[in-house]
Amino acid sequence: LLAISAEFSPTEAIRNEMVNNYMALVRAHQFRGYNIDERIAAVVFFTFKANNRAIKLKDIAEKCDAKPNRASKLARKIARHFNRPWVLSQVDYAGEFESISQEIQKEQDFIWDCNRVHMYLSPICEEANIIRNNSYVGAVIYITSILRNEKIKQATVREVTNSYHTITRYREIKRMLKIEFKKWTVDEFSSGVFVEEKI
């Protein structure tokens, strides 16, 4: 458990919580039917998510040779056991923008711009009941690249976010805002200047 989680740089508090979670689940007989690799992947994933750390189950599963779908099923069971089912749906947006931007070799200023676009978009999307999951993260990255006049392929964004709905979410946001993103900069968009022009 500690060896696998070490690759994701946990704090001492997270390491201790992980061990305590594991022991509590053993005592409560929550692991029946799951092998050791699936148990480790699920506990590491749940504990990191409970501490608002950006982490993907697929990455953990690869490290410990667990089947992602089985580990995911167990993680949901663990979240219910601890009466925290919402934990697995929490998204650390800043962490996601950083890890994905690094994966596509973008610098710190791009990450900062993603956060600015997200801060402007998030309350608008929440009010419009637009789902803010991986596809939303991908849409924000794609929108940011357009506002910065940088070319990132749709297929690349879909791949790094592991979501086939990224471009659908982008189009949904574009329709809602009635905006042509390429006409604006990040500054103009995040300050709402484009809204004033429409009025």
Side-chain angles (χ1 to χ4, degrees), residues 8-11 14 45-46 48-60 68 72 75 79 84-199:
F8 303 97
S9 308
T11 62
I14 290 177
F45 180 64
F46 170 79
F48 271 93
K49 290 291 280 184
N51 285 277
N52 292 314
R53 290 283 297 273
I55 193 165
K56 291 180 180 168
L57 182 57
K58 177 173 70 84
D59 295 337
I60 304 168
S72 176
R84 300 176 73 188
W86 65 87
V87 161
L88 301 184
S89 60
Q90 290 178 166
V91 179
D92 171 13
Y93 294 105
E96 287 292 316
F97 296 139
E98 183 164 3
S99 64
I100 291 168
S101 295
Q102 287 170 352
E103 199 171 329
I104 56 177
Q105 300 177 328
K106 293 294 177 185
E107 301 296 329
Q108 193 63 43
D109 59 332
F110 183 87
I111 298 167
W112 173 239
D113 281 346
C114 285
N115 280 296
R116 290 169 65 201
V117 170
H118 160 64
M119 284 187 278
Y120 180 80
L121 269 181
S122 184
I124 297 169
C125 289
E126 185 173 7
E127 194 174 321
N129 293 317
I130 290 176
I131 297 168
R132 289 169 302 148
N133 54 10
N134 282 1
S135 62
Y136 167 80
V137 169
V140 169
I141 288 170
Y142 190 62
I143 289 166
T144 304
S145 73
I146 295 170
L147 293 169
R148 288 170 57 97
N149 199 25
E150 296 184 21
K151 290 178 171 57
I152 299 178
K153 292 180 180 174
Q154 293 180 3
T156 302
V157 179
R158 275 200 304 266
E159 188 180 323
V160 294
T161 56
N162 200 27
S163 171
Y164 291 98
H165 301 292
T166 290
I167 301 307
T168 305
R169 195 73 63 239
Y170 157 73
R171 289 181 183 137
E172 194 177 356
I173 292 168
K174 186 178 176 180
R175 271 196 311 274
M176 175 186 65
L177 297 176
K178 299 180 177 67
I179 181 177
E180 193 59 53
F181 289 107
K182 62 185 174 190
K183 286 177 59 180
W184 306 97
T185 64
V186 172
D187 285 338
E188 290 165 339
F189 177 75
S190 58
S191 64
V193 168
F194 74 96
V195 177
E196 293 168 18
E197 188 191 74
K198 285 192 294 189
I199 294 167

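Hydrogens, waters and symmetry mates are skipped; everything else that's a heavy atom, side chains included, is used.
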Test log, rule side-chain contact (heavy atoms from CB on, under 4.5 Å), inputs Phe189 and Leu177: CA-CA 11 Å; Phe189 177 75; Leu177 297 176; 3.8 Å; yes
Pairing residues for [X] by the side chain to side chain donor-acceptor pair (under 3.5 Å) criterion, not counting sequence neighbours:
| X | answer |
| --- | --- |
| Ser122 | Arg132 |
| Asn115 | none |
| Glu150 | Lys106, Arg148 |
| Ser101 | none |

Residue pairs involving residues 142-164 (criterion ring pair (Phe, Tyr, Trp, His ring centres under 6.0 Å); sequence neighbours excluded):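 Qualifying pairs: Tyr142-Tyr170.
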If you round to the nearest 0.5 Å, how far is [atom2] of [Y] from [atom1] of [X]?
| X | Y | atom1 | atom2 | answer |
| --- | --- | --- | --- | --- |
| Ser99 | Asp59 | OG | CG | 8.5 Å |
| Ile104 | Gln102 | CD1 | CD | 10.5 Å |
| Glu107 | Asp113 | CD | CG | 12.5 Å |
| Asp187 | Arg116 | CG | CZ | 4.5 Å |
| Arg175 | Ile130 | CZ | CD1 | 9.0 Å |
| Leu147 | Ile179 | CG | CD1 | 6.5 Å |

How far apart are the closest heavy atoms of [X] and [Y], and which atoms are they?
| X | Y | answer |
| --- | --- | --- |
| Pro10 | Phe48 | CB-CZ, 3.7 Å |
| Asn134 | Thr166 | O-OG1, 4.3 Å |
| Gly138 | Val157 | O-CG1, 3.3 Å |
| Tyr136 | Cys125 | CE1-SG, 3.9 Å |
| Ile152 | Ser145 | CD1-CB, 3.5 Å |

Sub-4.5 Å side-chain heavy-atom contact between Thr11 and Asn51: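 Side-chain contact under 4.5 Å: no.
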4.5 Å side-chain heavy-atom contact, Thr168 and Ser135: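 When only atoms from C-beta onward are counted, Ser135 and Thr168 do not touch, as no gap falls below 4.5 Å.
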Glu180 atom CD, over 12 foreign heavy atoms within 6.0 Å: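 For Glu180, atom CD is crowded (more than 12 foreign heavy atoms under 6.0 Å).
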Any pair counted as salt bridge (Lys or Arg N to Asp or Glu O under 4.0 Å), so long as it reaches residues 151-170, sequence neighbours left out: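 Sorted result for residues 151-170: Arg169-Glu172.
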